[in-house]
Amino acid sequence: MQNIEVAWIFAELADLLELKGEDFFKVRAYRRAAKTLANLELPLVELNRRGLIGKIPGIGKAIETKIKEILVTGQLAKHQQLLQEIPPGVLEIKRLPGIGPARARVLFEQLGIKDLDELERAVKERRVRNLKGFSAKMEWDILNGIQMIRRRHGRVLLSVARELAQELIEYIRILPGVSQVEVTGSTRRWRETVGDLDLVAAATDPEPLLTALATHPRTKEVIEKQANRIRVFTWWGLSVDLQVVAPEEFIPTLHRNTGSKPHYAKLQELAASQGLVLDHHGIKNEAGEFLKLQGEADIYRSLGMDYIPPELRENRGEVEAAQRGQLPGLLELADIRGDLHIHTTWSDSAMDLADVVQRCQEKGYAYAAITDHSRSLKIANGLDLDRLLEQHTIIREMNKKLEDFTLLTGVEADILPDASLDYPDEVLEQMDVVIASVHSGFKQSRQEITRRITRAIENEHVDIIGHMTGRVLGRREPYDVDVEALLEMAAKTGTILEINASPDRLDLNEEYAKKAKEAGVKLCINTDAHDLRRLDEMIYGVAVARRAWLTKDDVINTLEIAELREVLR
DNA sequence: GCCGTTTTCGGCCCGACTGTTTTCAGTCG
């Protein structure tokens, strides 16, 4: 049992209890526990062995007992029992925008609606609008919500896919006879969501590997099995395809399976035009001899071009650029010198200032900015003026004692619905980093939201615009905003745009990040972390940047502190 | 269900928006 799986049980338990109308505080206690468990540093199994589960904040006697039950039996009786009462489809209905526990319950109890299909039918038959708490407009919203969920269906966040991939790879790598194993497909190309996880392994005998995956604890059922490949569906809601090849076919298979299909097709075409044959066996010349391949770079070299990293393999001009020797030197995680969007216990995060400093130093960063929420964001315990200034005083004091590390003062100031910022200019002026973000009024018109963000961009004290389109993958569409106009304005004012690295945001996305660069805008990759583990998500923002063809020069948090201060000034 | 340098019971981050049964429950961040 992984922590994340235990956390999922508690999160679902919270949802189920909420649907039953259970006390809100009890629901919240489970939800908090789920979040805490998901972000623990150590495996629960280990903590249990050391008798430390009850010591975790937010975990009391009752939840501790339940965790132990899960660790021993693999499930939770109370959770299973609730699932008997409430069909899982009702949980999905509750996740529709505009539908919460109360409305989902009305739909279930009064119309017997158990899943999205039944809901869609009821809406089309106009049976929903007359229910208490519903309306004709809401029927429209429901259909849109169902569309959104259908679009996402079967796809998971890249971070989930990578976590599962890592676990399976480590498991397969140590099996007898395995020489190599790698993740391929869209996961290796770092696409923001993943439909299936594709693995390729090199081994002399496939059978032990196929059996190992078939019986792995993550595997729910085997979908298909052939002599050298197996497809399974996992408990994580992601299917996994493992192909086992002979060692000499590993590199060409890894390369082909990584795709993308259009990229690979283009290479095959190019190979053919040179009298070569490129396929999963390798590259064959006109004499029918296979060229020797040490790595993927040899494939590209044989075709007369530079090596193309997986993130660029989308047939968006990378082949032509590689032929001309003009691929950009992509940004690397190691280029990142600091994180400029971090929350602490002063607002709604689990980390205190000392935690942040320690972890950022461990990561080898030279600086970090503390940017807690501003006063209007009450639910996140946003800082009023007094607390903000107090925090900044403390940060400046801490800074004096730090060596080779700079803790910057800052704030994530709300761009309010009336386009003003949450603090006056005189206050913003005094801090190192001002991020301005929208956290309210998402449903304003395109014109209004664009104007709001434009005003923030124009404010000379605003350094960075945070998560500019506001999307949350699979949960919330971006707000209606004229991104192109904002890029133009940001270029004019020298305002920096954030690539929010949180795997469910990735905002700006790769398309806009690329356009930003082309418009002459500088970017900053931030985690927006609310707990220690999520400071590690920088890599996902770097992946967006790489897929957007960005180099070190395009990203300001690759600068050393003195240069960074210059840019922020 | 969790928690306690005021409380082992009684608190638990708040407020805006929405649609509308025009007075507030439900949802959201």
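Note: hydrogens, waters and symmetry copies are ignored here, and every other heavy atom, side chains too, is used. Here is the naming used below: chain letters follow the sequence lines, and residue numbers restart at 1 for every chain.
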Exercise for the section: Assign A:Lys94 to base, sugar-phosphate, or nothing according to its heavy-atom contacts below 4.0 angstrom with the strands shown. Expected result: nothing

Exercise for the section: Can you figure out which of B:dT18, B:dG29, B:dG1 approaches the side chain of A:Lys443 most closely? Expected result: B:dT18

Handout entry: Sugar-phosphate, base or nothing in reach of A:Ile63, heavy atoms under 4.0 Å
Key = sugar-phosphate

Handout entry: Selection from B:dG1, B:dT27, B:dG29 that lies nearest to any side-chain heavy atom of A:Arg476
Key = B:dG29

Exercise for the section: Considering only atom P, compute the distance from B:dC2 to B:dT6 and round it to an integer number of Å. Expected result: 23 Å

Problem - Candidate nucleotides B:dC14, B:dG19, B:dG1, ranked by approach to the side chain of A:Lys137 - the nearest - result: B:dG19

Practice task
For the side chain of A:Ala62, starting at C-beta, report the closest nucleotide among B:dG29, B:dT27, B:dC2.
Solution key: B:dC2

Practice task
Using atom CG of A:Asp422 as one end and atom C1' of B:dA16 as the other, report the distance to the nearest whole Å.
Solution key: 14 Å

Handout entry: Value in whole Å for how far the P atom of B:dT21 lies from CE of A:Met138
Key = 11 Å

Practice task
Determine, stepwise, if the pair A:Glu5 / A:Trp236 fulfils side-chain contact (heavy atoms from CB on, under 4.5 Å).
Solution key: CA-CA 8 Å; A:Glu5 295 174 302; A:Trp236 288 26; 2.9 Å; yes

Practice task
Nearest whole angstrom, please: distance from the C1' of B:dG11 to the CZ of A:Arg32.
Solution key: 12 Å

Practice task
Report which part of the nucleic acid A:Asp348 touches: base, sugar-phosphate, or nothing (heavy-atom distance under 4.0 Å, all strands).
Solution key: nothing

Exercise for the section: Send over the distance from A:Phe24 CZ to B:dT27 P, rounded to a whole Å. Expected result: 13 Å

Practice task
Report which part of the nucleic acid A:Ile99 touches: base, sugar-phosphate, or nothing (heavy-atom distance under 4.0 Å, all strands).
Solution key: sugar-phosphate

Handout entry: Donor-acceptor side-chain pairing of A:Glu412 and A:Ser437 below 3.5 angstrom
Key = yes

Problem - Given DNA chain B, 5'-ward residue of the pair A:Arg129 and A:Pro57, judged by closest heavy atom - result: A:Pro57

Practice task
Answer yes when A:Lys61 and A:Glu64 have at least one side-chain N-carboxylate O distance shorter than 4.0 Å, and no when they do not.
Solution key: yes

Handout entry: A:Asp422 bridged to A:Arg375 by N-O distance under 4.0 Å
Key = yes

Exercise for the section: Could you tell me whether A:Lys55 contacts a base, only the sugar-phosphate backbone, or nothing, with contacts defined as non-hydrogen atoms closer than 4.0 Å? Expected result: nothing

Practice task
Tell me which of A:Ala380 and A:Ala102 sits closer to the 5' end of DNA chain B, going by the nucleotide each one is nearest to.
Solution key: A:Ala380

Exercise for the section: Can you figure out which of B:dC13, B:dT27, B:dG1 approaches the side chain of A:Lys66 most closely? Expected result: B:dG1

Problem - Spacing of the C1' atoms in B:dC17 and B:dT23 (rounded, Å) - result: 15 Å

Exercise for the section: Check every strand shown and say whether A:Gly133 touches a base, only sugar-phosphate, or nothing at a heavy-atom separation below 4.0 Å. Expected result: base

Completion exercise
Which of B:dC2, B:dG26, B:dC13 is nearest the side chain of A:Arg103? It is B:dG26

Practice task
Looking at every strand, decide which applies to A:Pro417 at a 4.0 Å heavy-atom threshold: base, sugar-phosphate, or nothing.
Solution key: nothing

Problem - Separation between the C1' atoms of B:dG10 and B:dG15, rounded to whole Å - result: 24 Å

Problem - Separation between the C1' atoms of B:dT18 and B:dC13, rounded to whole Å - result: 22 Å

Practice task
Mind calculating the distance between CZ (A:Arg475) and C1' (B:dT27) to the nearest angstrom?
Solution key: 14 Å

Exercise for the section: Would you please say whether a donor-acceptor pair under 3.5 Å links the side chains of A:Asn500 and A:Asp528? Expected result: yes

Practice task
Quote, to the nearest angstrom, the C1' distance that separates B:dT7 from B:dG11.
Solution key: 9 Å

Handout entry: Length of the CD1-P vector between A:Ile142 and B:dT18, whole Å
Key = 17 Å

Problem - Watson-Crick or G-U wobble partner of B:dT8, both distances under 3.5 Å - result: none

Exercise for the section: Pick base, sugar-phosphate or nothing for A:Leu96, based on heavy-atom distances below 4.0 Å to the nucleic acid. Expected result: sugar-phosphate

Fill in the blank from the handout: Side-chain contact check for A:Lys132: nearest option of B:dT21, B:dG1, B:dC12 is B:dT21

Handout entry: Euclidean distance, atom CG of residue A:Leu19 to atom P of B:dT27 [Å, nearest integer]
Key = 10 Å

Practice task
Compute whether any side-chain donor of one residue and acceptor of the other, for A:Asp372 and A:Gln391, lie under 3.5 angstrom apart.
Solution key: yes

Practice task
Give a yes/no on whether any side-chain N or O of A:Lys26 is located under 4.0 angstrom from OP1 or OP2 of B:dG1.
Solution key: yes

Exercise for the section: Using whole Å, report how far CZ of A:Phe25 lies from P of B:dC9. Expected result: 19 Å

Exercise for the section: Check whether the side chains of A:Thr495 and A:Thr493 place a donor and an acceptor atom closer than 3.5 Å, and report yes or no. Expected result: yes

Practice task
Name the nucleic acid region contacted by A:Phe442, choosing base, sugar-phosphate or nothing; use a 4.0 angstrom heavy-atom cut-off, strictly under.
Solution key: sugar-phosphate

